[in-house]
Trainee: 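First the structure, then my questions, so here it is.
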There are 4 protein chains.
Amino acid sequence: MSRNKIEESLRSEKKMSIIQCAIGVFAEKGFYSAKMQDIAEAAMIGKGTIYEYFSTKEELFLAVYDYWMDDYEMAMEQAVESHLDPVSKADALIDTTVNFYEKHAEYASILLEFWAHALRSKDDHFLDRIRSMKKKLELIGKEVTQQMQKLKLFKSVDSASFSVLELGISDGIFLQWILDGKSYSLREAYKFRQSVIGSGLMMPALRLLVADKIEKKLKKGFLSSNQS
Amino acid sequence: MSRNKIEESLRSEKKMSIIQCAIGVFAEKGFYSAKMQDIAEAAMIGKGTIYEYFSTKEELFLAVYDYWMDDYEMAMEQAVESHLDPVSKADALIDTTVNFYEKHAEYASILLEFWAHALRSKDDHFLDRIRSMKKKLELIGKEVTQQMQKLKLFKSVDSASFSVLELGISDGIFLQWILDGKSYSLREAYKFRQSVIGSGLMMPALRLLVADKIEKKLKKGFLSSNQS
Amino acid sequence: MSRNKIEESLRSEKKMSIIQCAIGVFAEKGFYSAKMQDIAEAAMIGKGTIYEYFSTKEELFLAVYDYWMDDYEMAMEQAVESHLDPVSKADALIDTTVNFYEKHAEYASILLEFWAHALRSKDDHFLDRIRSMKKKLELIGKEVTQQMQKLKLFKSVDSASFSVLELGISDGIFLQWILDGKSYSLREAYKFRQSVIGSGLMMPALRLLVADKIEKKLKKGFLSSNQS
Amino acid sequence: MSRNKIEESLRSEKKMSIIQCAIGVFAEKGFYSAKMQDIAEAAMIGKGTIYEYFSTKEELFLAVYDYWMDDYEMAMEQAVESHLDPVSKADALIDTTVNFYEKHAEYASILLEFWAHALRSKDDHFLDRIRSMKKKLELIGKEVTQQMQKLKLFKSVDSASFSVLELGISDGIFLQWILDGKSYSLREAYKFRQSVIGSGLMMPALRLLVADKIEKKLKKGFLSSNQS
DNA sequence: AATGAATGAGCTTTCATTCAT
DNA sequence: TATGAATGAAAGCTCATTCAT
């Protein structure tokens, strides 16, 4: 590695370290209440040093979101690529999402605040970032849905609409779970959701096959804490 | 009305007026960027006067949320009470929700910010308020679901879980709709959701009855702008 | 006086009070080293209060200069108006200038800094203010010169150029006096200047009349401290 | 040259190079707004390197002024030495001054700022430097004046006072010229000044000799742009 | 000797809150 | 009761200076 490359890499590493510390502070205090001082202290560096890497607090906030979403996107892409049949893909996607959300549950408030920020900001930068990620996820969902249809597993459904809906549902469940104080299993909630929706879209042949399992799941719900 | 009662009522009216003005300012600028001065100007009163009614900015913010949620709760309760059969009730609930969300779309960022605030606040006041509202809505949803089951319209499903799920889905769809720049009809998205989910929970008898309509809806999706 | 008028007047008075305190602080520390805190303390008000009257530090600085120059301009105008013959007018102008400069000697550094600021500022506001004052003074000087010529006291001289020159000389003498640590009498320096220049412009008739006095003045200079 | 001498000389050269770059930056931005970074960039060296040569920003500022004044002093000394008769000397001095000022017109704001700085500084260093230069120039002026008197060209006048006056006038004209946006010829202004003052101090014999030329100059002034 | 990443004191400005009227 | 002038704590950001390399 050349001298420049090493320096570049060191710089990048330091940036990451600041971002990681910032996540914690932003999550705990929120964008406005988080002080640059706090973040500097968390990263055990001087206040001025942050500004060597991010020119404003807002830019750091955006970087935090980016860092996060890149992580999520990559995981989702990998999930879909590492399976062949659409059913496994769908399962893997849900699994990845649940893992991601469980891992970052404590940072949910950043997500909300970021969305709020984006909706209000004159600068489209924030909204664009959100939408680009949504587009990517929608595409993945759409493809899996279409494969399901091709294999006659799913009824004929507008795959784009369904994919958008799924994304909304996914965020919505996560949000409720957080607001409900994580009092039930997020994974079970997702599975319950899958039972309800899958049950609605499956072709009769498939439905009969898994009817029993679905029925049990629906009856059981996801609120009882002793999950099998 | 006694002298005191009149005064009390006047006071309450003024409070409402401040809250209503605050909603607009909070929505446009967000909690932190909204200045008490802005709110006072919007309400055409002096800055100090706000403090006669609310002791801090945070309290006013909470009052804004309360005012809003009371409105929503009341509308939902009325919706369910003004219909007898559970299918109409369900339709009315969806209608009310869509109406409410469409009406307050521009205030979505407050909602997000409020949730973020609640998640972070040491003071459980905020979370409690959110949960009390969710409990109420969950109850409503649970009852309707149980009635559906009693009438053999719905499969056997844990009504509490389903109700919680529905709430999450509802918020999730709204959120996506907002983040997607309201580029499609929120109502159609809700109907699509209903088709997917309904299709999964309906008893075979009912399903056959509405199969055609549902099938069409699923094929069409909700993203095309020329909705019938 | 109406309620509004009174308030307006109070506001104006407070503004003046802040300006007067700011003069002292700016003079002692310079624009950059003068802290708003210092000025607030000098005025015995809160730091924030200054911003009720001046929106930026720079605006306050400009106000200080304006306040000063208005004072000077008014004094000069009054000086010229309260005399009829041009010789008395010229004497009065010099007298006024000397008085003004002696009174504000300690604030000379503000003047210099203001000029430096004006020369550099992208905003022409500062330079314009300086030039408008110079224009006014040049006009006054020009008129007096022309009257001198009309009365055959002065040789034929381009009055505009002479007026500009005089202004420069005036500032220059003041500057030297300040930089020389006020080690001689500013008044005597001005008189010496008058002798040199007057001697050069006077018509022979007048010159012969005052030759003696001028000669003495020239011989004596203005550096000896025991001024008569 | 010994090893040490060479190193010393290299060091000195680098110092000069930094000073020259600093002049430009200080002139454009002023002492406070000029960043050490800017100066380092202008000199194409690292920020830290400046501190190898100057221990503080203020010291560099002083060095800039010194460098400048040394330049001016040397030019003035050379001017007076390269002529024999006092009239030529006086002309050469004016010429040198005009040249110097015209060349450094854009740096006028530094001069002003430096003076302001000097007046305020607790540290007499700055004022002393100014005064030592003034002393030198006054001495030169005094000598020339005395030679003029010896040759019976000038009336009897206190040469020290006159020299101080001249210095003030010189700076004053320069200052006006700068503040007037250099809208006329500095050289013509100096000549006009010479006509006015010379006319006042010349002995009758000399005056008659140049009366015509002076009269024309006075009538013409220096504000018309088409200078002959 | 030369560098520039790191630093943190210190700045202007903002704004929720108070309180005299 | 209503007000808005006054306040000062607080925070983002800057930049002269240091020092390890």
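Note that these values count all heavy atoms, side chains included, but never hydrogens, waters or copies made by symmetry. Predicted model only: the values in this text are computed from it and were never measured.
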Trainee: What integer distance in Å separates B:Leu60:CG from E:dC15:C1'?
Mentor: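 These atoms are roughly 15 Å apart.
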Trainee: I would like to know whether B:Tyr51 and B:Thr56 meet side chain to side chain donor-acceptor pair (under 3.5 Å); could you show each step before the answer?
Mentor: CA-CA 7 Å; B:Tyr51 287 87; B:Thr56 63; over 6 Å; no
Trainee: Hey, does the side chain of C:Lys14 come within less than 4.0 Å of F:dA5's phosphate (OP1/OP2), counting only N and O?
Mentor: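 No.
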Trainee: Which is more 5' along DNA chain E, the nucleotide nearest C:Ala34 or the one nearest A:Glu52? Just name the residue.
Mentor: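 The residue whose closest nucleotide sits nearer the 5' end is A:Glu52.
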Trainee: Would you please confirm or rule out a distance under 4.0 Å between OP1 or OP2 of E:dA6 and any side-chain N or O of A:Tyr53?
Mentor: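 So the side-chain polar atoms of A:Tyr53 do come within 4.0 Å of the phosphate oxygens OP1 or OP2 of E:dA6, strictly under.
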Trainee: Distance check needed: E:dA2 P versus D:Lys15 NZ, whole Å only.
Mentor: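 Rounded to the whole Å, the gap is 13 Å.
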Trainee: Whole Å only: how far is the CD atom of A:Gln37 from the P atom of F:dC13?
Mentor: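 Computing the A:Gln37:CD to F:dC13:P distance gives 14 Å.
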Trainee: Does a donor on one side chain and an acceptor on the other come within less than 3.5 Å for D:Glu113 and C:His117?
Mentor: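 No donor-acceptor contact under 3.5 Å links the two side chains.
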Trainee: In whole angstrom, give the distance that lies between atom CE of D:Met36 and atom P of E:dG4.
Mentor: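 Taking CE of D:Met36 and P of E:dG4, I get 15 Å after rounding.
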Trainee: F:dA10 P sits how many Å from A:Lys57 NZ, rounded?
Mentor: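 After rounding, the gap between these two atoms is 15 Å.
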Trainee: Find the distance A:Phe26:CZ to F:dG12:C1' and express it as a whole number of Å.
Mentor: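 Checked: the CZ to C1' distance equals 12 Å.
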Trainee: Using whole Å, what does the distance between atom C1' of nucleotide F:dA6 and atom CD1 of C:Ile18 come to?
Mentor: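 Taking CD1 of C:Ile18 and C1' of F:dA6, I get 11 Å after rounding.
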Trainee: Hey, what's the ring geometry for B:Phe31 with B:Phe61, parallel, tilted or perpendicular (30° and 60° as the breaks)?
Mentor: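 B:Phe31 and B:Phe61: tilted rings.
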Trainee: Just how far is it from atom CZ of C:Arg129 to atom CG of C:Asp70, taken to the nearest 0.5 Å?
Mentor: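 Going from the CZ atom of C:Arg129 to the CG atom of C:Asp70 covers 5.0 Å.
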Trainee: Nearest nucleotide by nearest heavy atom, which residue falls closer to the 5' end of DNA chain E, D:Ile45 or C:Thr49?
Mentor: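 That would be D:Ile45.
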Trainee: Is there a Watson-Crick or G-U wobble partner for E:dT18 with both distances under 3.5 Å, and which nucleotide is it?
Mentor: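 Base-paired to F:dA5.
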Trainee: CD1 of D:Ile50 versus P of E:dA1: gap in Å, rounded?
Mentor: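 Nearest whole value for this atom pair: 16 Å.
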Trainee: With under 30° as parallel and over 60° as perpendicular, where do the rings of B:Phe114 and B:Phe126 fit, or are they tilted in between?
Mentor: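 Tilted.
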Trainee: Within less than 4.0 Å of OP1 or OP2 of E:dC15, is there a side-chain N or O belonging to B:Tyr32?
Mentor: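 Looking at the OP1 and OP2 atoms of E:dC15, neither is under 4.0 Å from any side-chain N or O of B:Tyr32.
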Trainee: Base, sugar-phosphate or nothing for B:Lys47? Non-hydrogen atoms, less than 4.0 Å.
Mentor: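 Base contact.
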